[in-house]
Amino acid sequence: MSKGKIKKVAGPLVIAEGMRDANMYDVVRVSNERLIGEIIEMHGDEASIQVYEETGGLGPGEPVESTERPLSVELGPGLISSIYDGIQRPLDAIMKASGGNSLKRGVEVSSLNEEKLWNFVPVAKVGDNLEGGDVLGTVQETAIVEQKIMVPPNVKGVLKEIKSGEFTIRDTVAVLETENGDFPLTMVQYWPVRKGRPYKKKLPPQRPLVTGQRVVDTFFPIAKGGVASVPGPFGSGKTVIQHQLAKWAEADIVVYIGCGERGNEMTDVLNEFPELKDPKTGRSLMERTVLIANTSDMPVAAREASIYTGITIAEYFRDMGYSVALMADSTSRWAEALREMSGRLEEMPGEEGYPAYLGSRLAQFYERAGHVIGIGKDEREGALSVIGAVSPPGGDISEPVAQATLRIVKVFWGLDANLAYKRHFPAINWLTSYSLYLQDMQKWFDSEVASNWMSNRQEMMALLQDEAELEEIVKMVGMDALSATDRLKMEAARSIREDFLHQNSFHEVDTYTSLKKQHMMMNLVLAFYTEALNALEEGAKINDIVAMPVRESIGRFKYVEEDKLDEQFEVVKQTLAKELGEVVRKGDL
């Protein structure tokens, strides 16, 4: 075991000498307080260590000891419902070890509960030829999540022995006969966080991750296994959108990383999620959630670790065949940590002081998302979707982190401060946002939801773009200068904005909209526009069309409950036809 001593302390960076036998990315224990850190640079026998805890009071000469292992996470029963810090230490266990709410430095606690008994149900049989990823047995971790206990990657052999019953995570539940002798298997495995877990094949992004948020699902959908970015200024709703996606996205498991955000935002998550009902099961949302809380007042260096810890846990559940949604809030704070460490290491700075390798680090993180067939004989299909918030200063997306992210991700939900100030939520700007998955998912939407889904979407988007152009004319010469058809376009676009795109996350019905309901809402808004156009040609007056009472019914359709959709849809359609007929007759008189 490599041992050295502190030569110099510079904030979260510690230079240690006498570390010739250590390796890059080894986890080290620094000083007599045994603070946890990671080697990020080696020069001869000098190691540069980023310490994940407060380094105040450390001085030259104190011992440094390498564990000779890279920063890894423990993967096994007990992950779900846990609340970790950036290096997978459970916050409740640290609090108990510290004897109060003030967390002490250098606390060593197990990432998973080592005393709890889990009921292990074997699936494999003695004599089976097993390889990495094959399922040994299952553990019912929560009422919602069944965890599959898998053979670790890079291990294969013949199953010599397997047990059944209640065991702790440290107990041997199976023995594999390998080329190098017997290999005991427990319910836990370790994986280095900087290395992506292996899979057999990556599948094309052809299915959407349904979120129940209309502006996302209809206009800018994300694929299962896709990557999305949510950049926006302070107060525009980045965190609210991520909370909504965590609650409602069609994912079996949610991993939520609070990376360098304010403590009160993470407190909201910790208070809300246990009380929220999972719409699929009616049970607490925490029963399928892992939280990583690494807030802005925690050590800066741990922000990078929290991102990697979160995505490694997410990959583990993906390998079981689950659909996993990972929320990173926000990657800008992680980039700021990279900038600080790069400055301490005296590296050549890139744009705005960020390291020159910023883009490649972001790419390495986002490329670990995907819809894959995992390793193992049964070829389980799993998906890991990543949604990263970006917090550019002043909402300026021309800054390096936002630009580097946009070069990587396929979905851009651009938040607009003006929309947020108008209380239009979600404040996603429909003119600047985009999704590059649309073409890949067109076939799925048209076959699984409705054959005119994509054509409806394109018609609505065209109306919104026409409205933006017409608004410029209105500003110069006023609404009265527009033709009747252009005024109708403006009214239809207003209906799309206010009735379809505006969604109330605090309303029990409007907070989530199924794809069937979204399609019906699209049909109603477009039926108003196309049938009103015909009415104009037949002599109806535009002011009479605009004042029709049915428009209120179209706007309130979003509050109709799912079991009453068909009945209410027909009522509104019939009312629309009736009122337009009356408007035409009135115009003829």
Side-chain angles (χ1 to χ4, degrees), residues 214-215 218-220 416 418-419 422-424 426 428-433 450-503 510 513 517-560 568-589:
R214 295 188 288 270
V215 66
T218 302
F219 280 74
F220 314 110
D416 190 325
N418 291 327
L419 286 174
K422 290 174 186 171
R423 296 290 180 265
H424 183 291
I428 294 173
N429 187 315
W430 47 87
L431 298 175
T432 58
S433 303
S451 57
N452 63 343
W453 177 279
M454 276 297 166
S455 59
N456 277 1
R457 179 205 171 272
Q458 283 157 0
E459 193 174 345
M460 287 171 77
M461 185 57 84
L463 282 169
L464 289 169
Q465 287 166 342
D466 288 347
E467 181 200 34
E469 292 170 13
L470 290 169
E471 269 179 349
E472 296 299 317
I473 298 170
V474 171
K475 281 175 191 172
M476 288 187 287
V477 294
M479 184 70 82
D480 295 337
L482 294 182
S483 66
T485 51
D486 281 346
R487 274 196 67 190
L488 183 61
K489 261 186 194 173
M490 293 282 282
E491 286 298 324
R494 183 164 72 88
S495 186
I496 294 168
R497 283 189 288 106
E498 295 178 4
D499 304 336
F500 187 84
L501 295 180
H502 184 279
Q503 192 164 354
D510 197 31
T513 308
K517 185 174 176 181
Q518 290 182 44
H519 180 245
M520 285 181 168
M521 289 175 71
M522 282 198 281
N523 279 343
L524 286 177
V525 172
L526 291 173
F528 162 74
Y529 174 64
T530 52
E531 290 174 30
L533 263 181
N534 295 335
L536 276 178
E537 288 174 9
E538 290 173 27
K541 301 282 192 299
I542 184 66
N543 288 341
D544 294 335
I545 290 173
V546 170
M548 288 193 307
V550 74
R551 297 196 63 204
E552 178 73 15
S553 304
I554 293 171
R556 296 195 64 77
F557 191 78
K558 58 185 171 187
Y559 302 121
V560 175
Q568 201 60 32
F569 180 74
E570 288 305 319
V571 169
V572 178
K573 283 273 285 183
Q574 288 167 16
T575 309
L576 175 65
K578 181 183 170 188
E579 290 186 13
L580 277 170
E582 290 170 1
V583 166
V584 170
R585 280 194 296 276
K586 188 178 174 184
D588 289 340
L589 294 175

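Computed from a prediction, not measured in an experiment: that's the story for all the values here. For the single chain, residues carry numbers from 1 onward in sequence order.
- Within the 4.5 Å cutoff, the side chain of Gln503 has no heavy atoms near those of the Val215 side chain.
- Rounding to the nearest 0.5 Å places CE of Met490 at 11.5 Å from CD1 of Ile542.
- Separation of atoms CZ (Arg585) and CG (Leu580) is listed at 10.5 Å; rounding is to 0.5 Å.
- Rounding to the nearest 0.5 Å gives a distance of 6.0 Å between CD1 of Ile554 and CG of Leu524.
- Between Asn452 and Asn523 the shortest side-chain heavy-atom distance falls below 4.5 Å.
- Partner Asp510 forms a side chain to side chain donor-acceptor pair (under 3.5 Å) with one of Lys558, His502, Arg214 and no other, that one being Arg214.
- The line from OG1 of Thr575 to CE of Met548 is 10.5 Å long, rounded to the nearest 0.5 Å.
- For Asp480, there are no side chain to side chain donor-acceptor pair (under 3.5 Å) partners two or more places apart in sequence or in a different chain.
- Formation of a donor-acceptor pair under 3.5 Å by the Ser433 side chain with backbone atoms of Trp430 is not found in this model.
- A heavy-atom distance below 4.5 Å is found between the side chains of Leu576 and Phe528.
- A distance of 11.5 Å separates CD1 of Ile496 from CD of Glu491, quoted to the nearest 0.5 Å.
- Although no hydrogens or angles enter the test, the distance criterion places no donor-acceptor pair under 3.5 Å between the side chain of Lys573 and the main chain of Gln568.
- No donor-acceptor pair under 3.5 Å is formed between the side chain of Arg487 and the backbone N or O of Leu482.
- Put simply, the side chain of Thr530 reaches to within 4.5 Å of the side chain of Glu459, judged on heavy atoms.
- Counting only distance, with no hydrogens or angles, the side chain of Lys517 and the backbone of Val560 share a donor-acceptor pair below 3.5 Å.
- With rounding to the nearest 0.5 Å, the separation of CG in Asn456 from CE in Met461 is 13.0 Å.
- Side-chain contact between His424 and Asn418 is absent, with no heavy atoms from C-beta onward closer than 4.5 Å.
- Judged purely by distance below 3.5 Å, without hydrogens or angles, the side chains of Gln518 and Thr513 never pair a donor atom with an acceptor atom.
- Ionic pairing of Glu467 and Arg494 is not present here: no N-O contact between side-chain nitrogen and carboxylate oxygen is shorter than 4.0 angstrom.
- Contact check for Leu501 versus Leu464: side-chain heavy atoms found under the 4.5 Å cut-off.
- In this structure, the side chains of Ile428 and Asp416 stay at 4.5 Å or more apart for every pair of heavy atoms.
- Taking the six-membered ring for Trp and thresholds of 30 and 60 degrees, His519 and Trp453 have nearly parallel ring planes, at less than 30 degrees apart.
- Within the 4.5 Å cutoff, no side-chain heavy atoms of Lys541 are placed close to those of Val583.
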